[in-house]
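Keep in mind that the numbers below use all heavy atoms, side chains included, and drop hydrogens, waters and symmetry copies. Residues: numbered from 1 along the sequence shown.
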Amino acid sequence: MSAQPQVIRREDYTAPAFLIDKVELVFDLDRDVTNVKSRLFIIANPVRGTGAGNEVSFDGEDMKLVSIAIDDRKLGVDEYSVDKTGLTFTAPGETFVVDIETQVSPVTNTRLEGLYVSQSAFCTQCEAEGFRRITYFPDRPDVMATFTVTINADKATCPVLLSNGNLAKSGDLDGNRHFAVWEDPFPKPSYLFALVAGDLACVEDSFKTVSGRDVALRIFVEHGNEDRCDYAMDSLKRSMKWDEEVYGLEYDLDLFNIVAVSDFNMGAMENKSLNIFNAKYILAKPDTATDMDYELIESIVAHEYFHNWSGNRVTCRDWFQLSLKEGLTVFRDQEFSADQRSRPVQRIKDVAQLRARQFPEDGGPLAHPVRPDSYMEINNFYTATVYEKGAELIRMMHTLLGADGYRKGIDLYFDRHDGQAVTCDDFAKAMEDANDVDLTQLKRWYSQAGTPSLSWKGDYDADAKQFRLTVSQKTAPTPGQPDKFALHMPIAIGLLGKDGKELVSRTVQLTENEQEFVFDNINETPVVSFNRGFSAPVNIATQQPHDELVFLMGNDSDAFNRWESAQKYATALMLAAIEEFEKNDGDADGALGDVTDFITAMRATLQNDDLDKAFRADALVLPGEEFLSEQRKPANPEAIHQVRNALRKQIGTMLKAEFADTYHQNVSNAAFTPDAQSAGQRALRATALGYLVASGDAQFADLAAAQYRNANNMTDRMAALAVLNHLDHPGRAEALADFEERFGKDTVVMDKWFGLQAMSSRDDTLARVKDLMSHPSFTMRNPNKVRSLIGAFAMANPRHFHAADGSGYEFYTDRLIELDDINPQVAARLCAPLGKWAKYDDDRAAKMKAALDRVLAKPEISRDLYEIASKSRAA
Ligand code: B3K
Ligand code: ZN
């Protein structure tokens with residue numbers, strides 16, 4: 001990169017000067033040089049931005065322009081201009097037809113944006129700005145057109161030819177080639193265009209819609225993987241049904257295709273009627289996929305399907321509005337999973353994820369609002385904030401309006417905006433109009449970054465039988481936003497009596513910086529269950545006494561807050577111990593002191609058969625090292641690691657008998673099924689095994705090794721390997737070798753093997769990670785491999801990544817620089833861990849800043865990586 005990349009600002013939005021009615025594309029596929037002909041039927045925008053002249057300007061990058069013609073007349077070189085970012089020419093009038101011919105090279109496309117090759121297949125990824133790498137086009141979401149796509153390709157290597165919409169025609173061509181013509185009747189922006197061509201196997205099923213239409217469902221995979229599509233197909237059918245039942249939304253074409261590819265920058269992509277997936281989120285059978293994989297497949301298949309309405313039928317006006325489709329669709333997929341599985345367990349998972357990913361983002365140098373104000377590279381804004389915090393915003397609307405009011409708003413939104421590209425304000429307006437409410441203050445969640453911190457104080461007046469709750473909110477400054485407003489948030493409150501009975505359950509609306517809520521007719525000093533179900537996505541600064549937390553762990557009717565109370569108690573214990581550890585020079589057990597009360601409460605949770613097993617498994621997990629790092633400044637990764645392990649060891653030791661019982665009682669000889677209940681049983685057993693091994697008693701490491709050997713499914717196998725992974729036990733090497741032998745040829749499964757080794761707390765981990773880079777299955781060109789080996793090392797192994805000698809940073813920085821030349825989008829995503837330098841001690845901070853400087857000094861650094869590294873360095 002020679003100059004600073006340009007900053008794109010939300011306030012600079014202007015409507016497109018020209019619109020496109022219809023697009024006709026012809027692809028002549030070839031791995032080295034693919035020829036693309038594009039015929040565009042253009043009309044001047046009747047509501048053109050002020051000052052729009054007759055200059056037409058199209059985006060385009062990294063391709064060869066062969067020719068351009070207007071109304072069938074080929075332009076001379078002096079009639080248009082073309083540079084590194086696009087093509088401009090003069091419009092001949094209000095309506096005209098443009099023909100553009102370009103050439104691109106799929107096989108050398110390592111960025112995996114635009115048209116590229118994954119294994120033997122051609123595929124595309126156009127969101128956000130990949131279409132401009134295929135042909136010159138107004139590559140922005142507010143230009144919506146109907147597409148007709150002709151694909152010509154070699155018949156032997158590409159028997160399958162797919163694009164969006166319906167297959168209109170197909171046939172043979174000379175030279176062992178053939179063609180297919182696809183027509184998509186729904187106008188769409190270019191980012192939803194997709195093409196796939198290759199030799200793929202197809203698994204087929206069908207779905208009858210509520211109005212009685214039969215929809216053909218097809219999943220395309222590499223040959224040999226046909227037996228791994230059942231769960232994805234089942235998830236798809238359940239999603240289609242759920243969207244009809246809960247949202248009244250029916251699928252709108254007669255065909256829905258999914259293609260699984262090995263090389264993909266993210267999870268999946270919602271291209272109209274042709275979803276393209278990272279194979280990892282489609283392929284599953286008991287031998288190869290864990291319960292967690294099944295869960296992710298279910299939710300991602302649902303998420304992409306739900307985009308058909310929330311994203312495709314109604315799309316974003318500009319990329320600042322990304323959360324319009326992503327926040328809403330995440331909320332939809334979370335609710336789908338909650339309905340399919342256990343609602344409280346789903347909420348716990350979603351909140352844990354929000355806290356692990358979004359809260360750190362919102363409190364760090366990359367903090368930005370759900371609707372950002374500016375960007376250099378839009379791909380850097382597919383963030384936890386836009387997705388997960390955006391979903392929390394929609395959830396708050398749902399809480400505020402109630403299920404019926406929310407549904408009225410949704411109905412009006414789709415009714416009003418079907419076929420349009422709109423804004424977050426349009427969405428909120430539909431919610432307001434349908435319910436006759438004013439959401440002005442709630443909408444500040446769209447524009448204000450940072451996680452609010454709430455404090456509360458209760459005051460009981462026995463004479464008046466009144467309980468007063470004073471709540472205050474505060475949001476710390478974030479980059480570019482020094483002053484913060486009070487936000488509107490719903491806070492669900494429960495008041496519990498001494499006997500555990502619920503006295504009050506009410507949702508209050510916090511709108512002020514400080515506000516008092518009065519509860520009448522309260523006959524005793526209540527215990528407060530605050531922010532039930534995580535009704536507002538905030539931090540709670542108020543520390544409740546340990547005995548109240550124990551009480552809530554055992555009595556709260558809100559399952560989320562039972563879990564939350566255990567998390568708070570464990571966090572308080574560990575934070576105190578970390579401080580002590582730093583003073584007493586590294587005696588973790590001594591630092592912890594007496595933790596009997598906490599462990600007694602954990603025992604009660606473990607043995608409470610009224611709670612479902614998946615819940616108990618979650619409630620017994622201690623807050624992670626990354627979460628604890630977020631609570632400490634400076635964070636001492638070694639202290640955190642030692643203290644957490646010491647607490648695990650004490651729990652394992654004190655509850656050895658109980659965990660051993662749990663372990664043995666939850667053995668199952670039944671054939672594997674991925675349902676939530678069986679998964680919960682496996683999860684609880686895995687938790688028990690983890691604690692038994694943590695106790696340090698050698699017999700349990702043997703037990704883990706035996707579990708690995710005897711496992712008849714991947715969940716049990718991985719559970720055993722995950723605990724062996726940190727040990728010196730011979731079972732570790734044996735299991736890793738066995739795993740490699742069994743699954744060495746299976747690229748999706750091998751990612752687990754790479755990831756485990758990168759996450760090991762053993763002293764030889766960095767050396768091992770370096771060795772693994774030359775493993776035959778590893779390549780920097782495959783994003784899944786990079787994420788499982790390199791990404792996991794930085795993001796899930798704080799102890800080694802933050803090694804005091806800087807070896808972790810140095811290794812990682814070399815990889816980022818290397819990766820930037822291959823795949824800038826993935827490189828930029830991986831850069832974030834270095835940006836956390838302000839959280840660490842001076843020495844580590846200096847090393848992390850030096851690492852960022854080294855990244856920034858890279859010649860030809862991409863816009864993607866530059867944006868993340870420079871923002872991370874500056875804050
Ligand atoms: N919309 C895509 C994400 C595209 C990311 C581009 N860098 C997947 C999804 O959110 O469903
Ligand atoms: Zn999405």
Students often mix this up, so state it plainly: with edges at 30° and 60°, are the rings of H398 and F331 parallel, tilted or perpendicular? tilted
Would you call F534 and L354 a side-chain contact if the rule is heavy atoms closer than 4.5 Å? yes
pair K836-E626: side-chain heavy atoms closer than 4.5 Å: no
Does the distance from a Lys or Arg side-chain N to an Asp or Glu carboxylate O, for [X] and [Y], drop under 4.0 Å?
X    : Y    : result
D556 : R532 : yes
R371 : E326 : no
R355 : E564 : yes
E388 : R357 : yes

If you draw a 6.0 Å radius around NZ in K656, do more than 12 non-hydrogen atoms from other residues or ligands fall strictly inside?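 Check passes, neighbour count above 12.
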For Q466, I'd like to know if atom CD has over 12 heavy atoms of other residues, nucleotides or ligands within 6.0 Å.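 It does: Q466 CD has more than 12 such atoms within range.
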Within the side chain of [X], is there an N or O that forms a donor-acceptor pair under 3.5 Å with the backbone of [Y]?
X    : Y    : result
K389 : G450 : yes
Q707 : A719 : no
N584 : G586 : yes
Y691 : L620 : yes
Q473 : A486 : no
Q515 : Q509 : yes
R616 : L611 : yes
H368 : A449 : no
N797 : S760 : yes
D293 : T290 : yes

Run the side-chain contact (heavy atoms from CB on, under 4.5 Å) test on V550 and Y569 for me, step by step, so that the C-alpha distance in whole Å, both residues' side-chain angles and the decisive distance to 0.1 Å come before the verdict. CA-CA 8 Å; V550 171; Y569 195 169; 3.3 Å; yes
Shortest non-hydrogen contact from S535 to M396? O-CG, 3.6 Å
Non-hydrogen atoms of H726 and A722 that approach each other most closely: CD2-O, 3.5 Å
Might you work through the side-chain contact (heavy atoms from CB on, under 4.5 Å) test for F519 and I493, ending with a clear yes or no? CA-CA 11 Å; F519 300 82; I493 307 276; 4.0 Å; yes
Do we see a donor-acceptor contact under 3.5 Å between the side chains of [X] and [Y]?
X    : Y    : result
N608 : T605 : no
E638 : Q642 : yes
Q699 : D697 : yes
S529 : D558 : no
T478 : K484 : yes
D661 : Q665 : no

Going by the side-chain contact (heavy atoms from CB on, under 4.5 Å) test, name the single residue among T470, V508, V471 that passes it with E516. T470
To the nearest 0.5 Å, tell me how far T765 OG1 sits from H800 NE2. 4.0 Å
Output field: ring centroids W837/Y840 closer than 6.0 Å: no
